[in-house]
S.K.: 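Have a look at the structure that comes next, please.
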Protein chains: 4
Amino acid sequence: MTLRFGLIGTGRIGQVHAANIARSDEATLAWVADPFVDGARQVADRFGGTVTADPEELLGSGGIDAVLVASPTPTHVDLISRSIELGLPVLCEKPIDLDIARVDALRDAVRSSGVPVALGFNRRFDPGFAGVRARVAAGQIGPLEQLTIISRDPAAPPAAYIAVSGGIFRDMTIHDFDMARFFLPDIVEVSATGTAVFDDGAREHGDFDSAVVTLRAESGAIATIINSRHSAVGYDQRLEAFGSAGMLSVANAPTSLVSLSTAEAVEAKPPYQDFFLERYAQAYVDELHEFVKLVRGEPSRSPSFEDGRAALVLADAAQRSASERRTVRVSPAD
Amino acid sequence: MTLRFGLIGTGRIGQVHAANIARSDEATLAWVADPFVDGARQVADRFGGTVTADPEELLGSGGIDAVLVASPTPTHVDLISRSIELGLPVLCEKPIDLDIARVDALRDAVRSSGVPVALGFNRRFDPGFAGVRARVAAGQIGPLEQLTIISRDPAAPPAAYIAVSGGIFRDMTIHDFDMARFFLPDIVEVSATGTAVFDDGAREHGDFDSAVVTLRAESGAIATIINSRHSAVGYDQRLEAFGSAGMLSVANAPTSLVSLSTAEAVEAKPPYQDFFLERYAQAYVDELHEFVKLVRGEPSRSPSFEDGRAALVLADAAQRSASERRTVRVSPAD
Amino acid sequence: MTLRFGLIGTGRIGQVHAANIARSDEATLAWVADPFVDGARQVADRFGGTVTADPEELLGSGGIDAVLVASPTPTHVDLISRSIELGLPVLCEKPIDLDIARVDALRDAVRSSGVPVALGFNRRFDPGFAGVRARVAAGQIGPLEQLTIISRDPAAPPAAYIAVSGGIFRDMTIHDFDMARFFLPDIVEVSATGTAVFDDGAREHGDFDSAVVTLRAESGAIATIINSRHSAVGYDQRLEAFGSAGMLSVANAPTSLVSLSTAEAVEAKPPYQDFFLERYAQAYVDELHEFVKLVRGEPSRSPSFEDGRAALVLADAAQRSASERRTVRVSPAD
Amino acid sequence: MTLRFGLIGTGRIGQVHAANIARSDEATLAWVADPFVDGARQVADRFGGTVTADPEELLGSGGIDAVLVASPTPTHVDLISRSIELGLPVLCEKPIDLDIARVDALRDAVRSSGVPVALGFNRRFDPGFAGVRARVAAGQIGPLEQLTIISRDPAAPPAAYIAVSGGIFRDMTIHDFDMARFFLPDIVEVSATGTAVFDDGAREHGDFDSAVVTLRAESGAIATIINSRHSAVGYDQRLEAFGSAGMLSVANAPTSLVSLSTAEAVEAKPPYQDFFLERYAQAYVDELHEFVKLVRGEPSRSPSFEDGRAALVLADAAQRSASERRTVRVSPAD
């Protein structure tokens, strides 16, 4: 039986989900909602579904089995809240909200509802990162001692975006906090350093364009996150798990098998993929598949509401650490 | 307007084409023929189309705009012949036939018909090989002097297959002959060395399991093809274009971005892709797209019937060279 | 004219210097001092020089033009002090001392003496690191925004060594602090996280076996140092300079050009070099050569006494940061 | 006891040997002969030895234990002949001679003399090639089925050199023939293709600037040699041993650990080493060491006079194959 999806939000990431739902044998696109109704219409024309400008109409339609929330962040809490009231499982894009208080206010309702709520931490489904985690778990490199995550976007967003982004830690590093927790769930301390070295937009809004975060796990293992809002060479997404018996590394994804060698330089390859839609194309497919399994009550790798909250706890701690210039203790699971 | 395809043959490669036709915005699967009618039915169930056991019914149905021939080699000449009589464009899997005499008998009819006939040399559409050729043409490495093609299948086919394969040069190297011609169309001499070092099936049928072929172009450039019927590390498909100003290389396709480093070995990656269906997945998509353009009368990169014939001329010459132990002169275009 | 060297200390690193002095066209080994006089004798037998158990005899001999101090750390301050009194240029192994107070007590004397004093930060002379710095300075990657230094020793030292080492920051990270200053001389803040995850010796002495240090430069650029006292894959010495226009990376040094591909793994290489004597062999040669130039009054790349002091200031700050869990402000040049 | 060497010939390669002899603990440079006596004098000034313009004076001096022949090829046969008459072991640069008849005339004398005669096939001592051979012998990739040798010089020699070189096969490929025999001693067939695509000097003298040679071993294994007289990217020296269970590859030697990534290209490295003096520096050292062991009667990896002859037999066969356009049978050991 295929799952009938209601998609809320038809921006860049909503379109990716729409295409994946349409292509999946397990899902169909039943409803598409976006206040910008032309966007909803274009998506429905390509991938199917009834169109509405009003998410409430979609939720109350009775024609959907699950909700995919890809609308702007400030709408997430309400849409999750409403969905679980209606007993509709939700796959919600990250972050849950920029305000931990609002997340916490929703927390009990999610817990007690028993309705599946999954967070869109797509990178967990990347075959590279997931593969390394599985191999670490299998003991291939012994106990994990250090984790290094290099994560740089190709280009800084516009200043207008930065103004409402919640800052680099809540907006961008949030993915890396989740990745760190994917390997080391028991983070107890956060130290962050942020600077604005190239982006006037970040500087004006008191935000950072570059940051380094150090996370200490209960076990003593240390995770390091290195971020930049831009990268001339393309989307820079690397990870290295260092254990007592070896290392597992995830390299950047090549865009070609071709290399050029001349009298000036040898083995030169073309720049890396442009951004997350290309780099994590397969991850989005697998994310959807795991969410379908979650809804069906099967074992699933979907990150939970709690995972979404824990990443935000780390982001808040990093923000505080960077501004107060001290290490911040956390207990994300509490 | 979408092109209605009639697919003849629903084995491994026929299924790939069926899936690509079904996924394409430019094409639909209208008819599916296979004497093994269950195979046809399964394909039609997944990808659409009317089923028949008889290719003739498909060709005469009036419901198709183009034919995709993916049936066994001995049927190719008749099916091409019949298609062009009916004015139906054909995309035919390689080789045209194992017997150059039969190919030549068809040659004038193809020429005079004016009906588009394309050969399924899928590797020409691989982004790596096509990219290198474009960059050579753009002068990035100066005049091409040497071309090295390493092409090794993961595992030798069964002896029964080898018995009817026409030998390694006509069956396997044929792709590499076309690749050599893709870069150096004007081949004038062929020298081939073949041995059977590991495969009893090849030895019993007087065939080779390993071969090296040297091709000299009119320009003086030399192409070297290195073949093996097996490869423990996976499908080994590499190419290097060497020019007076540099080299362009196509590496094997990694199956993962992950590498493992331990006290025994560092930077170890998982084995290469298993075989051509994975390695050339994108190439098959592009091959179909280019054929659609050919049928529409647009500029197209589709290899022609003449390309199919020329590769066979080189294969025949290699066979003769290897058995008579001498260089064989050729003029594939005559 | 060749420089007559007096070598004090004939342990592992003293022997390297002795060999390099002997091989150099610019230097000869004139005197060798070590309280363990058998060690001095063995070095002199191979590389020349008059032997003594007493450094004072060497310094006062009148037969040397420069002093190379490779004796234990606690002797450095006195030996530098005595050398400059005698007007003898000194190349002293790092660190100057573990106690910044003792270093500061020597500081004015060094300054006012006008005698060249160079510190043995050998990594500055590594062709890889030096090359990246020169290319950064030449603007190849635009303004430097992030510097990542991964530095892991192959195996933890014995607990007895750790007890007197001054701790990981003063003993091991000191090299990386200097490397960070090599690229970003104007460090203003230090944040450090240390843990003892595998080494009981470190734990017992309140030391760390793993550490991550974040350094902020006046310019806003951030340097990250990732350390471990052990590495199963061999000596792990990497650096990445990230600028607005690109990246320059220094990979680990391969010990062989050979890679092995099998059905289990492809392109596997042998582990990295064992330790610093191999990895930095050329750097030690160049270090000596630059010191000879310094003594001759020629332009030289030798790191100064002030560089040695500044690295210790950063090490002290890291120690404080890690224990007090806060960012520490520094002004190493004051 | 150190071996007293007489060096004949003080050109580029003679100077390398002189330096290695001088640096070795096992050898000293006792005599240096060159008709261009200034060259001999310069070498002796740096590395020791009595100077003479006359090799005969060196050979008859009574002051040497072994002869190193680094003079022009036409002098090799006479110098070997004279050395063995005097009972002096010889390490002679390749080739023995360009004329197999002259080599054969010397063959019995060498055999019956019992005096050690070693050929300067330096590449056998390269740690990469020697390592691969040892690992093949240890069974790491199963039975060897294909060997691929890519060997390209950085730049073509002057036309005057080509005129007396004996042709590309005897002058340049000779090293690769020996390398093929190093792995597959039992070569039975030779097929060669040569062209002159870029070098007028080669064309004028009826020589080739590019060549591909296929060698078939008794076992059925095939070796392929790909040669060019020039290479824009630097000295191109690669080898791949392909067996039933895997591959062992020797990559080009990087000249730096640094790679550059920009918006145009990523992971670009500097060009390869310029030529053999750099690429095979360690091999020349090991070659000398193995020859010393040979002279001492210890087990040695030195290639023999017979190895030198066998490579020439293959070169002659390749020359014939390329001009007569046929496969040539050989029995190099007869």
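Values in this document were obtained by computation on a predicted structure and should not be read as measured data. Each chain gets a letter, A, B and so on, in the order the sequences are listed, and its residues count up from 1.
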S.K.: Tell me, side chain or backbone of B/Ser261 under 4.5 Å from chain C's heavy atoms, or both, or neither?
M.R.: both
S.K.: I need the residue from C/Leu260, C/Val266, C/Val233 with the largest number of non-hydrogen atom pairs under 4.5 Å to chain B.
M.R.: C/Val266
S.K.: Which pair of non-hydrogen atoms, one from B/Ala265 and one from C/Ala268, has the smallest distance, and what is that distance?
M.R.: CB-CB, 4.0 Å
